[in-house]
Amino acid sequence: MGTDNQFLAQRREKAAALADLGVKLYANSFQPRHRIAELLPSGEPLQPEEKEAGGAVYRVAGRVMAMRKFGKAAFFSLADSSARIQVYVRKDTVGEEQFAIFGKWDIGDIVGAEGTLFKTKTGELSIHAMAIAMISKSLRPLPEKWHGLTDVETRYRRRYVDLIVTPESRATFRTRVQIIKLIRDFLSDRGFMEVETPMMQPLPGGATAKPFKTHHNALGMDLYLRVAPELYLKRLLVGGFERVFEINRNFRNEGLSTRHNPEFTMLEFYQAYATYEDMMELTEQMISSVCRQVHATMQISYQGNPVNLAPPWRRLTMDQALTEIAGIESSLLADDQQVIEMARQRGIKLEAQAGAGKAKTELFELLVEEQLIDPTFITSYPTEVSPLARRNEENPAVTDRFELFITGREIANGFSELNDPDDQRHRFEKQIAERGEDEEIHPELDTDYIRALEYGMPSAAGEGIGIDRLVMLLTDSPSIRDVILFPHMKPEERTAVVDPELDA
RNA sequence: GGGUCGUUAACUCAGUCGGUAGAGUAUCUGCCUUUUAAGCAGAGAGUCGUUGGUUCGAGUCCAACACGACCCA
C-alpha cells in the first residue's frame, strides 16, 4: 500500500519490536505524581550543572515533543497539560536494557519519566531520568517542530493535532472555558440560577431563524432543534423563578461564515422586576469584568485595532445612530415613506408588507453597524422587528430594547419583556401573516406560551449574548471556527486511499 | 448563490518559457554521554486535490467538480 504509510509502517515495526522486548505499548500502570508545572519554580534557582539539593525524585507523564539523541545519551522534551520540561536519559543511568527500549521511542509517544532535577550547562532545568516508561505508542508523525500546523483546514478538522502542537490554540480554548466560568460565577453571585430547557422543541420559537428539523420515531412527530431558549426561560419566570440563565447551544439552519456556525453557544438570562436599562448596566459590568479578569485590562485589541471595554459604554437610540453616524437628517427619519424610500434607494430589498421600522433597521445594519467598534448600546428598536419586546410607554412604535455592538458585530440583544398576553398574541399573529412566504421559517402560534402569559408573568427583562463572538473578541480570534473546538466542516473527500487498519 | 485565491512528501514551502519532481524539518542507517531549530555522513519517501481536455509531452495551459480561505449577496 504505500502512500500515507511509510511512517505508519515504520512505527508499527518499532511498536512490534518493543512488544518483542516485553514493553506494553498501551500500559495503564504508570501513575504520575507531579504535574510538570510544579517542578519548574521549585525552591532556590539552580545554577547551571547544579543538581537540586536533597535529590527529590519526581514522576511525570506526558507527550514526547522533541528528541535529541547522542548515542549513549539523549534529551527529549516532555509536555503535559501544565507545561514542558526536558528529560535527560543516559545509558549508564537507566541501564542497557531500558536504553535499548528508549531507542524505539518516537516523537509523539506518551511516556512517563522518574528522576531528579538538575540544570544543564546551558541552564535548562531538566529531569535526569532514573526510570522511563512507555504509556501510549504514537503511530503517526506530528507536524514540524518549527512551523507547526498552519493549514487552518487541518487545524479545524484534526483539532487534536492542533491542540498538541499549537500553544495559541490551547490558550484560546482555555480562555474560552475561563470566560464561561466567569460568566456563570457573575450571574450566580447575583442570584441567577442556571437551568436547562429543551433543545428539541415542537415549535421553534424565540427568534426569527431557520430551524433544523428532526423526527421522533416513537412519537411519530417532527421536532425542531431550538433556535433560541427564550420562550421556555420566560415560562420559568411565570413559574416563579425570578432570575434564570442558560448557557447552551442554539441551532440555525443558515449559511456558514467566519461569524456563523450552525450550532453556537448562547447565554440567555432573565430577571423579574428589571428593565432593559438594568440589563445594559449588568452587561457592561459583566463583560468588562470578565475582560479584566482574563486580560488584567479593559483596553484590548482586536485584529490590530484598539477596543476600549471600560464602562460606561456609549448609548444611542437607533434614530440617533442613523443621524450621528450615518448622517441621515432626523426629519427624514420621522417620515415613514421617506425611510422606506431611502432603504429602496440603497438597494435594500423589502417585502411588500415591510414597514418603516423594518426599513430603518435594515438601513442601520447597512450604514452603522460596522462602525461601532467600542462597545455601543443601540436602543429604541422598532416594534415591528421586536416581536417579544415590551413597547415603550411614550412611543409604542419602538420597544424597550437594545442591542450591543463591539468591533462592528452584534454581541448581545436584550429587552424589557412583553408580558401582556393579548399584545403577544396579536404580534405573533402579525408575524405569522407577514412571514407566510418563507416556508423554512415555520411561524406557528405557540399557544402554550400565550397560555403561560395568561397566568401572569412578572415584569422582567432578558438578554442573549453570543458566547462564541464574545470569545472571539476576548481571544482576538478572526473566525468563529477558532473558538469552537470542533467547528462544522463539510466531509473530507474520501479517496481511494484506505487506511491499512481499515483494510485488514 | 456570485467573485478572487489556494490545494505539490508526514509538516512548512519552492517549482522559471509546457520537457519526465525539489528544499528544510520529520523519518531510516552509521558516528556521537549536557543538547536544545544539536551536529556530521549517507538513504528512502510523491496518484503534484479529483476527473476530463489541449499537446509529441501537463505540477505548469483549458474545463468541470471537491475541499478550504477571503470578499460580496
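By convention in this document, chain letters (A, B, ...) are assigned in the order of the sequence lines, proteins followed by strands, and residues within each chain are numbered from 1. This one's a predicted model, so the numbers in the text were calculated from it and none came from an experiment.
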Looking for any heavy atom pair under 4.0 Å, which part of the strands does A:Phe118 touch: base, sugar-phosphate only, or nothing? base
How many whole angstroms separate atom NZ of A:Lys69 from atom C1' of B:rG39? 16 Å
From B:rU35, B:rA69, B:rU33, nucleotide with atom closest to A:Thr120 side chain: B:rU35
Starting at the 5' end of RNA chain B and moving along, which residue's nearest nucleotide shows up first, A:Thr258 or A:Lys490? A:Lys490
Ignoring the backbone of A:Arg157, work out which of B:rU35, B:rU25, B:rC67 is nearest its side chain. B:rC67
Say we look at B:rU54 and B:rC13: how far apart would their C1' atoms be, to the nearest angstrom? 30 Å
Would you measure the distance from the P atom in B:rU20 across to the matching atom in B:rC5 and give it in whole Å? 27 Å
Distance only, no hydrogens: is a donor on one side chain within 3.5 Å (strictly under) of an acceptor on the other, for A:Ser82 and A:Asp80? yes
Quick one: does A:Gln86 reach the base of B:rU35 with a side-chain donor-acceptor pair under 3.5 Å? yes
Less than 3.5 Å between a donor and an acceptor, one on the side chain of A:Thr150 and one on the base of B:rU12, is that the case here? no
Distance between P atoms of B:rC17 and B:rC62 (Å, rounded): 14 Å
Just compare B:rC28, B:rU12, B:rU35 and give me whichever is closest to any side-chain atom of A:Lys121. B:rU35
When you get a sec, tell me which of B:rU25, B:rG68, B:rU33 is the closest nucleotide to the side chain of A:Asp92? B:rU33
For A:Asp20, does the CG atom sit with more than 12 other heavy atoms under 6.0 Å from it, leaving out its own atoms? yes
If the C1' atom of B:rU60 is compared with that of B:rC48, how far apart are they to the nearest Å? 10 Å
P gap between B:rG49 and B:rA9, integer Å: 8 Å
Per A:Phe70 side chain, nearest of listed nucleotides B:rU33, B:rG68, B:rC11: B:rU33
Syn or anti for B:rC17? Use the chi torsion, O4'-C1'-N9-C4 for purines and O4'-C1'-N1-C2 for pyrimidines, with syn inside 90° of 0. syn
For the P atoms, the ones on B:rA73 and on B:rG53, what distance do you get once it is rounded to whole angstrom? 40 Å
A:Trp146-B:rA37 aromatic stacking (under 5.5 Å, under 30°): yes
Per atom distances to the A:Phe75 side chain, the nearest of B:rU25, B:rU35, B:rC28 is B:rU35
Nearest whole Å is fine: how far is B:rA10 P from A:Asp151 CG? 13 Å
How does RNA chain B read in dot-bracket, base by base from 5' to 3', with Watson-Crick or G-U pairs under 3.5 Å and | used when the partner is on another strand? (((((((..((((.....[..)))).(((((.......))))).....(((((..]....)))))))))))).
Please state how far atom CD in A:Gln6 lies from atom C1' in B:rC11, giving the value in whole angstrom units. 13 Å
Does the side chain of A:Arg35 pick up a donor-acceptor pair with the side chain of A:Ser81 at under 3.5 Å? yes
What distance, rounded to whole Å, do you find between the two P atoms, one in B:rU55 and one in B:rC67? 32 Å
Looking only at atom C1', what distance separates B:rC56 and B:rA14, rounded to whole Å? 28 Å
